Number of protein chains: 2
Amino acid sequence: MLSEIEGPLYEIKADLFKGLAHPVRIRVLEILSASPDHSCTVGELLGEIGIEASHLSQHLATLRRHRVVTSERTGSAVTYSLAHPKIAELLAIARVFLRDTLAGARALLDEVDARA
Amino acid sequence: MLSEIEGPLYEIKADLFKGLAHPVRIRVLEILSASPDHSCTVGELLGEIGIEASHLSQHLATLRRHRVVTSERTGSAVTYSLAHPKIAELLAIARVFLRDTLAGARALLDEVDARA
DNA sequence: TTATGAGATGATGAAACCATCATATGGTCC
DNA sequence: GGACCATATGATGGTTTCATCATCTCATAA
């Protein structure tokens with residue numbers, strides 16, 4: 001806990017990006033971003049993502065550890081929420097960057113194809 | 001190349017975050033973000049960051065591979081630039097998120113301390 | 001052409017992350 | 001309290017990333 005808080009900001013940022021560096025975790029965050037109140041039960045996430053419950057649980061634990069999501073138990077159901085609106089923004093910006101970058105790469109590919 | 005372009009967007013996003021998931025790489029990007037024209041020579045980066053040249057080179061190669069930076073050789077000097085303005089935005093948003101999150105964590109810590 | 005400066009790449013072992021299965025824990029109902 | 005559902009955690013081998021040293025490549029000057 002303490003060890004996560006302390007240290008230069010660039011280290012903490014890198015650590016945050018580590019927490020985001022897996023496809024399943026991105027999917028979770030995007031599903032949450034698109035949900036009412038930015039919240040979903042684990043059951044709902046399981047239905048959307050379609051992986052084994054324990055696999056998803058491992059990834060949710062990672063997201064919790066990085067404080068990217070919060071969880072709340074209600075009876076036997078657990079609801080996950082985005083911990084901060086900036087997470088959705090982060091994903092949106094990443095999408096713009098990738099859209100532009102991939103567009104550029106595809107343009108290059110098309111050019112090479114046109115020459116073949 | 002092709003393999004990087006193809007696949008679901010959430011996989012590509014996760015890959016991007018992998019590229020950002022190291023302190024040295026964050027420092028590079030932040031130094032570039034803060035520089036005129038978002039550009040710096042490797043020599044300047046070495047001076048700022050103070051690690052061994054080959055270590056930095058490895059990280060710069062990772063950033064190039066993820067298309068987060070571009071490089072241009074001029075004589076014996078190589079200049080690195082941010083490949084897209086959104087990268088600087090990504091870092092700025094991450095900072096806001098972390099500032100808020102860390103502030104919350106510190107508040108909790110202070111509370112616990114106050115009880116001890 | 002050789003020497004030198006700047007920067008990149010190759011190689012390798014250690015550390016961290018991932019995939020996956022087994023098991024544990026929390027909650028509800030009968 | 002036991003059975004069942006929902007979810008989390010533990011364990012372990014495989015894969016990827018990281019740290020670091022050695023070496024290579026590009027460019028320039030003499």
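A, B, ... follow the sequence lines: proteins, then strands. Residue 1 opens every chain. Just so it is clear, the structure is predicted and the values come from calculations on it, not from any experiment.
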* To do: Would you mind checking if A:K86 and A:E89 are paired as a salt bridge, meaning a charged N to carboxylate O distance below 4.0 Å?
  => yes
* Asked: Given atom CD of A:E11 and atom P of D:dA19, what is their separation to the nearest angstrom?
  -> 10 Å
* Asked: Atom CG of B:L63 and atom P of D:dT17: how far apart are they, to the nearest Å?
  -> 14 Å
* Asked: Would you say the side chain of B:S76 and the base of D:dC26 hold a donor-acceptor pair, judged only by whether the two atoms sit under 3.5 Å apart?
  -> no
* Has B:H59 got a side-chain N or O lying under 4.0 Å from the OP1 or OP2 atom of D:dC18? -> no
* Structure fact -> From the candidates C:dT20, D:dT7, D:dT17, the one with an atom nearest any side-chain atom of A:H55 is C:dT20
* To do: State, yes or no, whether a side-chain contact exists between A:D100 and B:H84 at a heavy-atom distance under 4.5 Å.
  => yes
* Residue-phosphate contact under 4.0 Å: B:R25 side-chain N/O, D:dC18 OP1/OP2 -> yes
* To do: May I ask you to say what A:T62 touches in the nucleic acid, namely base, sugar-phosphate or nothing, with a heavy-atom cut-off under 4.0 Å?
  => nothing
* Asked: Hey, does the side chain of B:R65 come within less than 4.0 Å of C:dA8's phosphate (OP1/OP2), counting only N and O?
  -> no
* Base, sugar-phosphate alone, or nothing: which one does B:A53 contact when heavy atoms must sit under 4.0 Å apart? -> nothing
* Asked: Crowded around A:R95 CZ? As in, over 12 foreign heavy atoms under 6.0 Å?
  -> no
* To do: Would you kindly compare A:A21 and B:R64 by the position of their nearest DNA chain C nucleotide and give the one closer to the 5′ end?
  => B:R64
* **Atom-pair distance (NZ on B:K18; P on D:dC18), nearest Å** => 10 Å
* **Distance in angstrom units between B:I49 CD1 and C:dG7 P, rounded** => 13 Å
* To do: Classify the side chain of A:Q58 versus the base of D:dT9 as yes if they form a donor-acceptor pair under 3.5 Å and no if they do not.
  => no
* Asked: Rounded to the Å, how far apart are B:E52 CD and D:dT23 P?
  -> 14 Å
* Asked: To the nearest Å, how far apart are B:I51 CD1 and D:dC21 P?
  -> 12 Å
* Asked: At under 4.0 Å, does any side-chain N or O of B:S57 touch on OP1 or OP2 of C:dA8?
  -> yes
* To the nearest Å, give me how far apart CG (B:L46) and C1' (C:dA6) are. => 9 Å
* Asked: B:H22 side chain N/O closer than 4.0 Å to the phosphate oxygens (OP1, OP2) of D:dA19?
  -> yes
* Taking the side chain as every heavy atom from C-beta outward, state whether B:I31 and B:C40 have any atom pair closer than 4.5 Å. => yes
* **Distance below 4.0 Å between A:Y80 side-chain N/O and D:dA8 OP1 or OP2** => yes
* Structure fact -> Atom CD of B:E72 and atom C1' of C:dA8 are separated, to the nearest Å, by 17 Å
* Asked: Quick one: are B:V68 and B:L16 in side-chain contact, heavy atoms under 4.5 Å?
  -> yes
